[in-house]
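Below: the structure, in structure tokens.
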2 protein chains.
Amino acid sequence: MPVTLADVAQATGLSASTVSRALSDPDKVNPHTRDRVRRAARELGYVPNQTARSLSSGHHDIIGLIVPDIANPFFPPIIKAIQARAGLKGKTVIITDVDEHPGDEVQRAQVIRKRVDGLIMVSPRASEERLHELAHLNPIVFVNRQVAGAANVLVDNADGMAEAVEHLTALGHRKLAYLNGPRRSWSNTQRREAIVAACAAQGVELVEYGPFEPQIQAGVRAADLVYASEVTAVIAYDDLIALGLMTRLAERGVRVGHDLSVIGIDDSPMSGMAYPTLTSIHVPGAEAGMTAVDLVLGMIENPSDEEPPVVQLETRLVVRGSTALAPAT
Amino acid sequence: MPVTLADVAQATGLSASTVSRALSDPDKVNPHTRDRVRRAARELGYVPNQTARSLSSGHHDIIGLIVPDIANPFFPPIIKAIQARAGLKGKTVIITDVDEHPGDEVQRAQVIRKRVDGLIMVSPRASEERLHELAHLNPIVFVNRQVAGAANVLVDNADGMAEAVEHLTALGHRKLAYLNGPRRSWSNTQRREAIVAACAAQGVELVEYGPFEPQIQAGVRAADLVYASEVTAVIAYDDLIALGLMTRLAERGVRVGHDLSVIGIDDSPMSGMAYPTLTSIHVPGAEAGMTAVDLVLGMIENPSDEEPPVVQLETRLVVRGSTALAPAT
DNA sequence: CTACATACTGCAAGCGATTGCCGCAATACC
DNA sequence: GGTATTGCGGCAATCGCTTGCAGTATGTAG
């Protein structure tokens with residue numbers, strides 16, 4: 001039913017090889033022939049069968065992307081950055097959402113890997129050992145998650161976190177809370193350690209709550225814990241939790257940015273749109289995505305056996321309306 | 001380098017055909033042989049080459065999904081519903097975000113189509129003619145966009161819109177604004193016509209603004225227009241615009257849900273989390289997604305030449321905190 | 001006029017699976 | 001015990017395209 005290369009060949013009286021070359025390697029064929037082929041292809045409505053092409057050529061011109069949860073606003077900008085960058089290089093991106101099921105990640109990666117030239121996994125949740133199994137299906141790069149022996153694009157939370165604590169102390173806060181993310185989250189470990197270090201360095205008292213899932217609902221739940229405590233400022237594992245927190249606090253009559261300061265992490269698009277606007281630690285997701293694409297593409301072009309590259313990106317605090325002077329005691 | 005079927009065949013002393021059957025059609029082979037093959041495959045680390053499998057079998061066990069913008073919170077629930085439903089039936093979903101570039105949609109669809117067994121396009125932005133070209137690459141189903149001659153899952157905005165206007169008039173509002181979505185958006189046309197009809201039916205004065213892009217920023221811009229007008233209630237093309245509107249109005253000291261009522265459309269996850277919570281017209285995205293999957297799968301199983309199915313889903317109003325009695329004049 | 005590049009194009013061998021058809025042996029039946 | 005059945009497994013064709021190699025024609029040089 002569908003038009004194949006052979007049909008075009010027959011229509012033009014040429015061989016399949018020539019048609020193939022005319023279409024995908026124009027320099028190797030006589031300009032006149034090329035045009036004739038192109039015209040015929042167009043007229044017949046020929047669309048190359050990518051599957052066949054991949055099978056014989058060995059590449060797909062696709063890069064695979066695995067994210068934990070597209071509903072989390074942290075990811076879309078990353079995804080878009082990746083798509084844009086890949087598009088620039090003539091690659092298509094296919095996205096898979098594993099819906100926060102760590103168990104699926106590895107398996108999905110294995111399957112997808114067979115259909116793409118390279119893989120990018122953003123913030124994978126699976127255990128280090130399991131991810132390690134994946135390191136071998138090069139090219140693969142892990143974003144926002146350290147996996148020894150594999151290409152990594154990492155985000156260093158320390159700077160931003162230090163800035164955040166510094167910002168709060170400057171505003172007079174002396175006791176603050178950290179709302180933990182998922183217990184097994186690598187990011188949470190990083191962030192938690194960074195804040196503990198920052199608080200210790202700056203002599204601020206820290207209490208912890210959680211773990212909380214990176215969802216608005218969890219922030220709502222967190223709000224009541226915070227409300228009952230005596231902290232004057234809160235740093236949340238991510239913007240979603242911060243947002244849920246703010247909403248719930250507003251309901252209970254707490255004026256965020258006045259009675260209580262809140263800082264989120266990720267600097268997702270929502271943070272500028274909440275009310276009050278959310279002070280947040282900017283995580284360079286888009287840059288990370290673009291870097292990841294460059295790494296994958298690089299690894300595709302010259303697959304070396306050298307130690308895979310590791311890139312570190314930095315975070316910084318973006319101050320908005322949710323942080324203010326500590327209330328007088 | 002990679003282990004192939006032939007390798008497993010050689011290792012077991014069997015033929016490739018037998019190995020193939022043992023792996024993908026277990027009943028056609030002796031249990032003992034089957035186990036032997038499985039073990040060998042496991043030991044060798046054999047992973048079937050999906051590309052080859054697709055080429056020869058003609059199917060991919062994948063369904064393609066094209067969405068305009070994953071950053072728009074309206075889509076993730078749909079995407080997840082689609083993935084869940086497809087997963088249940090043993091299919092994988094690959095997502096492509098066309099980033100609101102209508103021009104890309106058709107081309108992307110053509111390309112993707114070659115790698116999947118069926119296609120779902122959610123809220124495509126391209127013109128009807130262009131979409132019509134796609135109708136032929138069956139199975140394909142359009143969600144939230146009517147394309148004559150193709151399978152459709154449509155959402156009827158009329159009910160929800162009527163409820164919304166009714167709700168507002170019951171609260172005493174007599175003059176309201178509609179914030180238009182993108183000019184060429186099919187949904188916007190539907191919604192606009194529905195609200196015009198509802199207002200006419202209920203004797204309410206209507207003013208229109210826009211078009212606005214479905215983004216929070218656009219809502220911010222809309223806010224100033226609304227502020228300067230004399231309406232007491234606003235219905236926005238979607239929740240994002242409504243959210244941006246509310247944020248900006250809050251900044252300007254307008255108490256939404258008191259001085260002014262706001263209704264969004266989509267009932268996206270954000271709406272319950274804003275402050276005040278956003279009254280919104282619930283659009284059954286998840287149901288639409290699931291239905292779409294069922295349609296595609298159905299069309300794959302028995303490709304008929306009959307008129308492709310069209311399913312209509314309904315909307316309803318979900319009242320939250322952003323709507324209240326009209327202020328006394 | 002022969003000899004040798006040069007430029008295109010065709011041949012045919014894959015890529016790695018699936019699958020219809022056939023043959024063989026073991027089992028069943030009478 | 002002879003023949004019809006049935007169950008397994010192998011052969012080989014096929015999916016649609018790419019690509020190394022070889023062949024032919026044209027052009028240039030000697």
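Each chain gets a letter, A, B and so on, in the order its sequence line appears, and its residues count up from 1. Bear in mind the structure is a predicted one, so any value in this text is a computation, not a measurement. As a basis for the values below, the full set of heavy atoms in this structure was taken, side chains included, without hydrogen atoms, waters or symmetry mates.
Both Arg53(B) and Asn30(A) lie close to DNA chain C; mapped to their nearest nucleotides by heavy-atom distance, the more 5′-ward contact belongs to Asn30(A).
If you take CG on Leu14(B) and OG on Ser20(B), they are separated by 12.0 Å, rounding to the nearest 0.5 Å. In this structure, the separation between OG on Ser54(A) and CZ on Arg115(B) is 4.5 Å, given to the nearest 0.5 Å. To the nearest 0.5 Å, the span separating CE on Met299(A) from CG on Asp117(A) amounts to 13.0 Å. Put simply, OG1 on Thr96(A) and CD1 on Ile70(A) are 10.0 Å apart, with the number rounded to the nearest 0.5 Å.
We find that NE2 of His60(B) is positioned 11 Å from P of dG16(D), with the value rounded to whole Å. The interatomic distance linking Asn49(B) (CG) with dT18(C) (C1') rounds to 13 Å, in whole Å. Rounded to a whole Å, the NE2 atom of His59(A) is 16 Å from the P atom of dC15(C). As rounded to whole Å, 10 Å separates atom P of dG16(C) from atom OH of Tyr46(B). Atoms CG (Asp25(B)) and C1' (dG20(C)) sit 13 Å apart, rounded to a whole Å. The CG atom of Asp35(A) sits 15 Å away from the C1' atom of dC8(C) (whole-angstrom rounding). Computed from coordinates, the Leu55(A) CG to dA17(C) P distance equals 9 Å when rounded to whole Å. Rounded to a whole Å, the CG atom of Leu23(A) is 16 Å from the P atom of dG16(D).
Nearest heavy-atom pair across Lys91(B) and Leu297(B) is CG-CD1, 4.2 Å. Asp97(B) approaches Pro68(B) most closely through the heavy-atom pair OD1-O, 3.1 Å.
Within the 4.0 Å cut-off from OP1 or OP2 of dA17(C), not a single side-chain nitrogen or oxygen of Ser20(B) is found. Close to dT9(C), at under 4.0 Å from its OP1 or OP2, lies a side-chain N or O of Thr33(A).
Counted within 6.0 Å of CD on Glu133(A), heavy atoms from surrounding residues, nucleotides or ligands total more than 12; the atom is thus considered enclosed. Surrounding CD of Glu287(B) are more than 12 heavy atoms belonging to other residues, nucleotides or ligands, all under 6.0 Å away. Around NZ of Lys114(A), the count of heavy atoms belonging to other residues, nucleotides or ligands within 6.0 Å exceeds 12.
Closest to the Thr18(B) side chain, of the nucleotides dG16(C), dG10(D), dT19(D), is dG10(D).
Each end of the helix from dC1(C)-dG30(D) to dC30(C)-dG1(D) gets its own rotation axis from five pairs of C1' atoms, and the angle between them is 40° to the nearest 10 degrees.
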Take Asp69(B) and Lys80(A) through the side-chain contact (heavy atoms from CB on, under 4.5 Å) test and state the conclusion after the steps. CA-CA 9 Å; Asp69(B) 179 16; Lys80(A) 284 170 180 293; 2.8 Å; yes
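Counting non-hydrogen atoms under 4.0 angstrom, Thr51(B) reaches nothing in the nucleic acid.
A donor-acceptor contact under 3.5 angstrom links the side chains of Ser15(A) and Ser17(A), judged on distance only.
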Per-nucleotide protein contact along nucleotides 20-25 of chain D, 5' to 3', at a 4.0 Å heavy-atom cut-off (B base, S sugar-phosphate only, - neither), is B-----
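Interface residues of residues 7-15 of chain A facing DNA chain D, ordered by number: none; criterion, heavy-atom separation under 4.0 Å.
Residues Val47(A) and Pro2(A) are not in side-chain contact: their nearest non-hydrogen atoms beyond the backbone lie 4.5 Å or more apart.
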